[in-house]
Each structure stands twice: as C-alpha cells, then as structure tokens.
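Working notes, structure below.
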Amino acid sequence: MVAVAEPLQKRLTIETEEIVPDTTTIRSLDWDRDRFDIEFGLQNGTTYNSFIIRGEKTALVDTSHAKFRQLYLDALKGLIDPTEIDYLIISHTEPDHSGLVKDILELAPEITVVGAKVAIQFLENLVHAPFKKQQVKNGDKLDLGNGHVLEFVSAPNLHWPDTIFTYDNKTQTLFTCDAFGMHYCSDKTYDEDLKAIEPDYHFYYQCLMAPNARSVLGAMKRMKALGEITTIATGHGPLLRHNLVELTGRYEKWSKEQTKAGKLVAVFYTSDYGYSDRLSQAIARGITKTGVGVEMMDLKSADPQEVRELVEIAAAIVIGAPPVTGPAATVAEAAVDTILAAAKKKQAFGLFETGGGEDLSIYPVANRLKELGLKQGFPNILIKETPTEAIYKLCEESGTDMGQLVDIKKAIEQMKSLDSDLDKALGRVSGGLYIITASKGEVSSAMLASWVSQASFEPLGVSIAVAKDRAIEALMQVGDRFVLNVLREDNYQALMKHFLKRFAPGADRFAGVKTQAASNGSPILGDALAYLECEVGSRMECSDHWIIYATVERGRVSDPDALPAVHHRKVGNHY
Ligand SMILES: Cc1cc2nc3c(=O)[nH]c(=O)nc-3n(C[C@H](O)[C@H](O)[C@H](O)COP(=O)(O)O)c2cc1C
C-alpha cells in the first residue's frame with residue numbers, strides 16, 4: 001500500500017456570537033497564518049473580526065479577508081439578509097478587513113459606505129462602480145435608532161492613515177479595528193486569559209503601533225471624551241472586556257515611553273502603493289528596536305506644514321520613493337520637495353524604492369541630501385520584485401543601523417567604563433563564548449554571545465541575554481528554533497572575529513564559514529566544540545536585553561578532550 005501524504009490544509013473557520021445587546025460578531029479564524037506582514041514571530045494565527053449592529057437600521061462594521069469569502073458571506077447570510085444592511089462602516093481600508101467590500105456591495109447595492117475621506121477615496125478606486133457613501137470625521141454621529149447612536153473617532157495611522165473608531169454609547173462598545181488588537185487565534189472571544197495573550201499583544205503593539213505612538217496618544221485622548229467603554233471590539237484577536245483597563249493602560253504607557261525616547265526618525269511612505277507601507281513598517285520596527293522613536297507619515301495625504309515640522313524635529317529621515325503617476329503623484333512629489341527643503345546638515349537619511357511601477361528615482365534625492373551634508377544611515381534599498389521575508393529582514397536591519405547611528409552617543413556612554421568598584425565587581429561575573437545561529441525560511445542570522453547559562457534540568461533549558469537591537473532577535477521569538485554553538489578554547493578567535501564584523505543589512509553572515517544544517521534547520525558551525533539544538537520557550541523583557549529561555553532538544557560534542565572557551569572581562573558594562 002502506498003501512503004499518500006495529505007496536502008497541508010490551512011484551517012479557516014468562522015464563529016459568531018452576540019457580544020452586547022443587538023450586536024453580533026463574525027470572527028474569521030485563521031488558525032495557521034504564520035506570518036503577517038513583517039511580524040516574523042506570529043505563532044498563534046490571527047482573526048479578522050466583523051460586527052453587525054442592529055437598531056431600527058443596521059450597520060456592518062468591517063468585513064473580512066478575501067480568503068474567507070465563501071465562509072464569511074455564508075455566515076453573514078445566516079445572520080441577516082444582506083439587503084437589510086443599511087450601512088457598511090469601514091474602520092480602515094487595509095485588505096484584511098475590507099477584502100470583501102466589493103462582494104457586499106454586489107449583494108446589497110443600496111448600502112451606504114461610511115468611512116473617513118481617504119477611505120472613501122480609496123474605495124472609489126477599488127470598486128470602480130458608483131455606490132452610496134457618507135464621509136465622516138471626528139465627532140460625527142450616525143443614529144441607527146433604538147438608542148444606538150454611533151459616534152466616530154478619528155484615529156489616523158492606527159495603523160492605516162484612514163482609520164476611524166466607532167463608539168456605540170448604548171452598549172458602551174468601541175470598535176477599533178487594528179488598535180488594541182493582536183494576532184492571536186483562539187475559540188475564546190474575549191481577553192480573559194491575560195497571561196496567554198500578553199506576549200502577542202505587546203509584540204503587535206511594537207510592530208504596528210510603536211511607530212505611531214503620537215497618533216496612539218492622540219486617539220486615546222479623543223477616546224476619553226466618549227462615554228464609558230466596557231467592550232473594545234478589535235479587528236484582530238480577542239475582544240477586550242475582562243482586562244480592558246489594564247490593556248489600554250499599557251498602550252498609553254508604552255506610547256508615552258516611545259514619544260519620550262528622545263531622538264526621532266521620520267519615516268515617509270506612500271500608503272496603498274507598491275509595498276511602500278509594509279517596507280516602511282519593517283524599517284520602523286528596526287528603528288524602534290534601538291529605543292529611538294519613529295514617526296511615520298503618508299506622503300499621499302501629508303500636509304506641507306506637518307511635513308516641515310516633522311523634518312525639523314527628526315534626527316534622521318527615511319523616504320520611500322513615491323509614484324510619479326496616478327492620483328497621489330503630485331501631492332507626494334511636492335511632499336518630497338518639502339522634505340528636501342527642510343532637511344538639515346546634521347541629519348541622517350535612508351531611502352527605499354518599492355518598484356511599484358513608476359517610482360520617483362531615489363538617486364537624485366540621495367545626491368541632493370548628500371550635497372546638503374546629510375549622512376547616509378543605510379545603503380539605498382531598491383526592490384524590483386514582490387518583497388520576500390529576506391527583504392523585510394533587510395529593511396528591519398537597515399532601520400536598526402539607522403537607529404544605532406542617530407543614537408551613537410548613548411551607545412558610547414553605555415560602554416564607557418564607570419571605573420567604580422561595583423563595575424569591576426560585576427566584571428567578575430564571567431561566561432563562555434558561543435555563536436547562536438538561526439534559520440527561518442529564507443532568512444538566517446548569527447551572533448556571538450557570552451551571556452549564556454544553563455537554566456533548568458527538567459526539561460533541559462538554557463537562558464541567553466540578547467540585546468533588543470540584535471539582528472538575530474527577530475528569529476528568536478517564542479517557538480523559534482536555533483543552535484547554540486559552543487566555541488573551543490584552542491580555536492575560537494577566527495570565529496569570534498568573523499561574527500563580530502559589522503555586517504551590512506541583509507548580508508549573509510555565513511559566507512566563508514564551514515557549516516552543516518542541524519535537524520532544526522539552523523547552521524552548526526564546523527569548528528564548534530559542541531552544539532545544542534534549542535527551541536525558544538519564553539522571553540522576559542529586561543530593559544535593554546531580552547532574556548530568552550529555550551529548551552534543549554539534542555546536542556553533540558565534537559572532541560571530548562577539548563575545553564570550552566571561557567570569557568573573562570574586566571568591567572560589567574562591556575560583554
Ligand atoms: C565577548 C562578547 C560577548 C558578547 N555577548 C553578547 C551577548 O551575550 N548578548 C548580546 O546580545 N550581544 C553580545 N555581544 C555583542 C554581539 O555579539 C555583537 O555585537 C553583535 O553580533 C552585533 O550586532 P548585530 O548582530 O545586531 O549586527 C557580545 C560581544 C562580545 C565581543
């Protein structure tokens with residue numbers, strides 16, 4: 001008998017539930033989605049949440065991802081005759097929430113689409129057919145009857161330029177789409193299990209919201225002007241109810257920390273154009289890893305005065321080349337001119353081109369900025385094809401290089417010996433010398449480490465302190481696998497020298513190094529004394545480092561007579 005391998009099925013399911021009176025959620029559960037834009041660590045799938053609110057009139061808040069077309073439309077039709085829906089509220093136009101707008105309009109052409117000005121404009125280009133529309137701005141209200149008066153809150157950049165929140169005073173529910181969400185898929189509709197969800201909640205904030213921390217604080221201020229909020233109906237993951245105060249409080253705390261970060265990098269991109277927004281998010285993520293603040297601005301809808309003000313306060317500027325054709329071209333090009341006019345000598349710059357078709361060339365922009373005396377923070381990024389994980393990783397590393405460049409003084413001060421007794425005493429804490437190697441899909445990385453220790457017997461486990469701005473950090477999320485290579489006392493210098501080189505963003509760190517693949521896929525170094533195959537079990541945030549706890553699955557020693565390298569140091573503020 002021949003065994004036929006079952007094709008790998010991605011699990012997609014739908015759940016519906018009444019969450020507050022007259023309000024039903026349709027949750028599209030994407031159990032196996034293992035990568036979401038730039039977030040490498042997405043282990044727990046995601047959900048796309050849509051809502052029906054019934055007063056005398058009925059509103060549908062957001063739709064779902066196009067991959068759920070049949071499932072979602074069947075579930076919707078099971079709950080309501082689509083022609084009975086009066087309003088389709090678009091919290092923002094990102095395709096994972098608005099992927100089925102066209103389908104809904106085909107089923108119910110009389111629906112009025114409600115959204116921010118930019119959202120309506122975007123949908124007009126997407127749908128290519130006339131539809132009823134209602135533009136809303138902050139404070140506008142929509143009365144559905146039976147006490148369901150919906151109030152709109154403008155929340156630009158969370159995390160799309162056209163985002164609005166919708167508040168139903170009767171049910172004290174705020175519909176926030178991406179904000180306060182997380183990529184987490186579970187049968188539980190709500191946030192009762194704080195321990196289970198908090199790592200994903202934080203990671204999502206760091207990836208999508210931290211680069212827009214000022215906008216987060218602005219939106220939260222406007223939220224405070226609303227009535228009481230007892231449910232936050234998010235667009236991804238569990239709805240907030242049990243831990244609402246705690247979780248929204250964290251957004252406020254993290255955003256305040258982020259805006260106080262001191263130095264700031266301005267990242268200009270063009271939304272919905274090529275891959276500009278996603279690449280700029282990867283760059284922003286790399287910058288925030290260094291503790292430097294980021295402010296993102298869409299060239300397409302930027303006000304010249306705001307552009308000027310942002311450039312003036314920024315330590316560095318990143319620009320994604322905008323299109324030279326299409327409706328956004330004139331405004332975006334004018335915004336680039338404004339940036340060039342406001343740029344100052346002491347700033348750093350970085351440029352990327354998305355290959356979305358007809359782009360403004362980045363070379364004249366680079367030349368102009370160099371003439372003005374600005375220094376280049378990372379090499380120009382030129383992308384001609386659909387970006388791969390390796391490209392997103394390159395963008396993240398470019399962002400990290402930029403963050404490190406603008407905050408170089410802080411790094412130097414940190415490394416200066418305090419020459420105190422305490423510092424010398426701490427320097428007596430010693431470790432070994434290891435190379436951590438990790439491969440995930442087409443991306444790989446490595447780093448030299450000495451803050452490594454065995455951490456448990458059963459199961460066998462180790463802990464490693466990884467600085468927050470390390471390139472390999474993205475490959476050490478919970479569930480990720482890596483190899484801990486133990487260096488040998490009589491042969492560690494060449495490897496140490498190699499891995500301490502300053503690698504360009506996206507560079508292959510294993511070029512010229514003898515390796516073989518471990519069973520978990522990560523490289524084992526040919527010259528290592530021993531290797532251990534590890535899986536990340538948990539991460540603890542410790543100011544400038546992550547302590548990574550990993551269980552050890554298997555390992556081998558290459559030479560039983562050789563000794564491991566030991567690392568002695570003099571002071572506690574150097575490795
Ligand atoms: C002796 C020595 C030990 C180090 N140990 C660690 C460590 O335990 N954790 C860490 O995050 N970085 C450690 N580093 C720093 C990194 O190895 C190195 O600077 C890093 O690979 C460069 O950053 P990148 O990989 O993000 O480009 C150590 C450096 C030296 C010289």
Side-chain angles (χ1 to χ4, degrees), residues 40 282-283 285-292 377-379 393-405 407-408 410-412 414-415 417 426-440 443-455 462-477 480 482-489 492-511 513 522-523 525 528 532 534 536 539-550 564-575:
F40 277 82
I283 294 172
R285 167 102 188 96
I287 298 166
T288 49
K289 275 176 71 168
T290 66
V292 168
F378 56 78
K393 186 77 178 67
L394 179 152
C395 288
E396 187 187 293
E397 290 178 19
S398 302
T400 299
D401 280 4
M402 178 66 99
Q404 289 168 343
L405 174 73
D407 226 6
I408 197 140
K410 189 173 110 195
I412 292 168
Q414 237 167 27
M415 294 307 255
S417 170
L426 193 58
R428 267 47 182 185
V429 176
S430 55
L433 281 174
Y434 309 87
I435 306 290
I436 321 270
T437 56
S439 271
K440 199 173 174 186
V443 179
S444 64
S445 196
M447 78 161 200
L448 174 77
S450 71
W451 292 7
V452 176
S453 174
Q454 184 162 348
V462 291
S463 69
I464 305 168
V466 179
K468 283 189 171 168
D469 57 349
R470 291 280 168 263
I472 201 170
E473 183 272 340
L475 305 182
M476 297 181 86
Q477 306 297 325
D480 284 349
F482 65 89
V483 166
L484 177 63
N485 295 274
V486 184
L487 300 191
R488 46 191 294 163
E489 190 191 36
Y492 67 86
Q493 266 151 346
L495 283 174
M496 188 166 164
K497 193 170 162 216
H498 174 84
F499 286 102
L500 278 177
K501 272 197 303 234
R502 185 141 186 99
F503 292 98
D508 173 9
R509 296 187 180 216
F510 297 98
V513 178
S522 294
L525 302 184
L532 296 159
C534 308
V536 180
R539 293 164 46 114
M540 186 165 91
E541 194 169 1
C542 296
S543 71
D544 40 19
H545 283 67
W546 290 103
I547 304 277
I548 307 239
Y549 170 73
V566 181
H567 180 56
H568 292 296
R569 51 186 194 150
K570 294 230 160 55
V571 282
N573 59 354
H574 281 64
Y575 284 111

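Counting starts at 1 for both ligands and their atoms, following the listed order.
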Answer whether the closest heavy-atom distance between the side chains of [X] and [Y] falls below 4.5 Å.
X    : Y    : answer
I436 : I464 : yes
L448 : L495 : no
H545 : E541 : no
I548 : R539 : yes

Centroid-to-centroid, H498 to F503, below 6.0 Å?
->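 They qualify: ring centres under 6.0 Å apart.
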
Mind listing the N or O contacts between ligand 1 and protein, cut-off under 3.5 Å?
| unit_1 | atom_1 | unit_2 | atom_2 | d |
| --- | --- | --- | --- | --- |
| ligand 1 | 5 (N) | S450 | N | 3.0 |
| ligand 1 | 8 (O) | S450 | N | 3.2 |
| ligand 1 | 8 (O) | W451 | N | 3.0 |
| ligand 1 | 9 (N) | A465 | O | 2.8 |
| ligand 1 | 11 (O) | A467 | N | 2.8 |
| ligand 1 | 11 (O) | R470 | NE | 3.0 |
| ligand 1 | 11 (O) | Y575 | OH | 3.4 |
| ligand 1 | 12 (N) | R470 | NE | 3.0 |
| ligand 1 | 12 (N) | R470 | NH2 | 3.2 |
| ligand 1 | 12 (N) | Y575 | OH | 3.3 |
| ligand 1 | 14 (N) | L448 | O | 3.4 |
| ligand 1 | 17 (O) | L448 | O | 2.6 |
| ligand 1 | 23 (O) | R470 | NH1 | 3.3 |
| ligand 1 | 25 (O) | R509 | NH1 | 2.8 |
| ligand 1 | 26 (O) | A471 | N | 2.8 |
| ligand 1 | 27 (O) | R509 | NH2 | 3.2 |

H567 meets the side chain to side chain donor-acceptor pair (under 3.5 Å) criterion, sequence neighbours left out, with none

